[in-house]
Protein chains: 2
Amino acid sequence: MSWRKDQGRAERGYHHGNLKEALLQAALDLISKKGPAGFTFADAARMAGVSPAAPYRHFRDRDELIASIAQRGFEQFESLLTQAWDDGRPDTVSAFERVGKAYLAFAREEPAFYSAMFESGLPVDSNPTLMAASERAFAIIRAAAERLAALAPPGTPRPPAMMMALHIWSMSHGVASLFGRGDAARRKLPMSPEDLLEAEVLIYLRGLGFLTDRRPGTAAADEEPAGDRSGPWGKPK
Amino acid sequence: MSWRKDQGRAERGYHHGNLKEALLQAALDLISKKGPAGFTFADAARMAGVSPAAPYRHFRDRDELIASIAQRGFEQFESLLTQAWDDGRPDTVSAFERVGKAYLAFAREEPAFYSAMFESGLPVDSNPTLMAASERAFAIIRAAAERLAALAPPGTPRPPAMMMALHIWSMSHGVASLFGRGDAARRKLPMSPEDLLEAEVLIYLRGLGFLTDRRPGTAAADEEPAGDRSGPWGKPK
DNA sequence: GGCTCATGTAAAAGCCGTTCACATGAGCTG
DNA sequence: CAGCTCATGTGAACGGCTTTTACATGAGCC
């Protein structure tokens with residue numbers, strides 16, 4: 001497949017050459033501009049310069065296009081989370097927080113993907129490959145939670161790693177859904193979503209017995225120094 | 001065309017009599033069945049037994065109908081949260097948890113309202129009365145957080161009450177969005193959303209220094225006995 | 001050159017949202 | 001009761017969207 005359609009606007013004839021990709025790109029543009037509901041199949045076709053029927057050669061219907069985008073979104077998401085987790089370096093706790101922030105960054109910087117993945121209303125469980133991609137992404141969070149659970153200080157009740165992972169996921173998702181969208185700017189906040197989530201995760205981790213600041217009386221030792229932060233909301237009075 | 005609408009009602013003629021209410025009801029039905037995207041204005045009109053143009057006498061357009069539903073949703077939501085909070089009785093911490101559960105219960109039992117409120121994609125800030133209703137509901141959570149902050153044990157760093165309220169909101173919303181929907185059953189969970197959220201909130205509260213179990217070594221005193229629970233995930237090993 | 005099949009088009013059916021001119025009749029006024 | 005008025009409902013129409021169907025094109029292969 002060597003379409004001579006290299007950027008240089010070689011006028012395409014009857015065949016587009018790379019319509020599927022062009023449609024996915026167009027859909028991404030449109031979704032990020034008008035939301036997954038406002039996006040129309042016909043618009044994407046128009047943007048790609050083909051007739052409204054052409055997309056049906058590449059996607060069974062509109063939903064399948066959105067599912068394809070969600071699929072890609074989960075793949076990029078997984079890659080981003082993997083990178084953020086960085087196998088727990090330099091220390092488990094801070095890597096864990098980084099994962100939460102990566103979640104927010106994704107929601108903010110890739111609103112189209114995020115919408116397709118979480119807000120398009122398409123049933124995740126009806127599409128096995130989509131569900132698998134979703135689970136691969138979640139597996140990163142789960143793996144991080146396993147590591148965290150392994151070094152939780154003794155003497156503190158703690159939930160199974162799976163539950164911890166779900167907790168982190170729900171916090172991240174809650175903050176991202178309510179406050180973390182770049183374009184829509186739905187609700188006003190007296191702080192950044194990042195700070196909000198960071199504080200939330202830190203308090204949660206402290207509830208599990210992890211050292212997240214250095215105040216006397218809450219002493220415990222992480223495997224490595226976790227810095228000198230005392231929480232993003234300032235000192236207690 | 002004189003099918004009288006409901007229960008043994010006298011023959012309705014040209015005028016419906018209570019179309020606005022009938023449309024809201026029909027829309028609720030349809031949204032809970034097919035989601036806010038699948039709901040159509042024409043369907044609601046059909047269900048109410050009027051022509052497709054009739055709804056425009058009561059709502060400027062489709063979005064305004066959805067906004068009306070969201071509005072009502074926030075009002076019911078506020079009422080439910082108020083009831084759950086019960087002014088902090090019998091003790092602040094358990095009342096606080098009850099609020100989280102009420103959030104979940106609402107998402108599960110009123111999926112149509114919940115969808116209209118949070119998943120319909122309509123801009124909250126464009127409608128002042130809608131935003132006001134939303135803020136009134138959030139004010140309940142905020143008030144609860146204020147009370148909680150007032151009796152947080154000293155010696156523990158803690159965020160402003162507003163931030164605590166946002167934390168609780170994001171946890172509840174995250175769990176509800178990801179796992180808490182009754183009809184759609186999007187994702188499988190090894191536990192109930194209620195248990196998941198309860199554990200999450202308890203760990204968070206412990207991170208703030210609140211007594212949420214009676215294990216030695218984490219002693220602190222709430223204003224009142226908080227029961228003998230050791231956390232919903234069982235004993236630590 | 002000629003075949004074949006993936007990939008495009010045009011046309012059409014059926015739906016929806018929305019608007020507009022018009023019809024109806026409920027409630028008021030006298 | 002007669003008559004007026006206005007909120008409320010109707011029917012028809014426009015444009016746009018999704019999806020299907022029959023047909024056109026041309027790229028790759030013998």
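Every chain is numbered from 1 and lettered A, B, ... according to where its sequence line falls, protein lines coming before strand lines. Treat the numbers as computed from the prediction; the structure is a model and nothing was measured.
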Problem set entry | Value in whole Å for how far the P atom of C/dG25 lies from NE2 of B/His16 | 16 Å

Problem set entry | Most 5' of A/Ala53 and B/Pro52 on DNA chain D, judged by nearest nucleotide | B/Pro52

Exercise. Can you say whether the rings of A/Phe113 and A/Phe106 are parallel (under 30°), tilted (30 to 60°) or perpendicular (over 60°)?
Worked result: parallel

Exercise. What is the distance from CZ of B/Arg46 to C1' of D/dG9, rounded to the nearest Å?
Worked result: 17 Å

For this session: Measure from the side chain of A/Ser51, starting at C-beta and using heavy atoms only, and say which of C/dA10, C/dT24, C/dT18 lies closest.
Result: C/dA10

For this session: Answer with base, sugar-phosphate or nothing: what part of the nucleic acid does B/Ala42 contact at a heavy-atom distance below 4.0 Å?
Result: sugar-phosphate

Exercise. Rounded to the Å, how far apart are A/Ile66 CD1 and D/dT18 P?
Worked result: 10 Å

For this session: Counting heavy atoms from C-beta on, name the nucleotide in D/dG9, C/dA10, D/dT18 closest to the side chain of B/His58.
Result: D/dG9

Problem set entry | Length of the CZ-P vector between A/Phe59 and C/dT7, whole Å | 12 Å

Problem set entry | Short side-chain donor-acceptor distance under 3.5 Å, B/Gln25 and B/Glu21 | no

For this session: Sort out for me which residue in A/Thr40, A/Asp43, A/Asp29 forms a side chain to side chain donor-acceptor pair (under 3.5 Å) with A/Lys34.
Result: A/Asp43

For this session: Would you indicate whether the side-chain heavy atoms of A/Ile140 and A/Phe77 approach each other to under 4.5 Å?
Result: no

Seminar exercise, completed: Rounded to the nearest 0.5 Å, the OG1 atom of B/Thr129 sits from the CD atom of B/Gln71 at a distance of 4.0 Å

For this session: Report the distance from atom CD of B/Glu21 to atom P of D/dT8, rounded to the nearest whole Å.
Result: 14 Å

Exercise. Roughly, in whole Å, what's the span from NZ in A/Lys20 to C1' in C/dA6?
Worked result: 13 Å

For this session: Remember a base hit wins even if backbone is also touched, and classify A/Thr40 as base, sugar-phosphate or nothing at under 4.0 Å, heavy atoms.
Result: sugar-phosphate

Exercise. Atom CG of B/Leu30 to atom P of C/dC16: distance rounded to whole Å?
Worked result: 11 Å

Problem set entry | Whole-Å distance separating the CZ atom of A/Phe39 from the C1' atom of D/dG16 | 15 Å

Exercise. So what does B/Phe41 hit on the nucleic acid, given a heavy-atom distance under 4.0 Å: a base, only sugar-phosphate, or nothing?
Worked result: sugar-phosphate

Seminar exercise, completed: Heavy-atom nearest nucleotide on DNA chain C taken for B/Asp61 and for B/Arg57; more 5' hit belongs to B/Asp61

Problem set entry | Closest to side chain of B/Tyr56, choosing from D/dC17, C/dA10, C/dT19 | C/dT19

For this session: Can you figure out which of D/dT18, C/dC16, C/dT9 approaches the side chain of A/Arg62 most closely?
Result: D/dT18

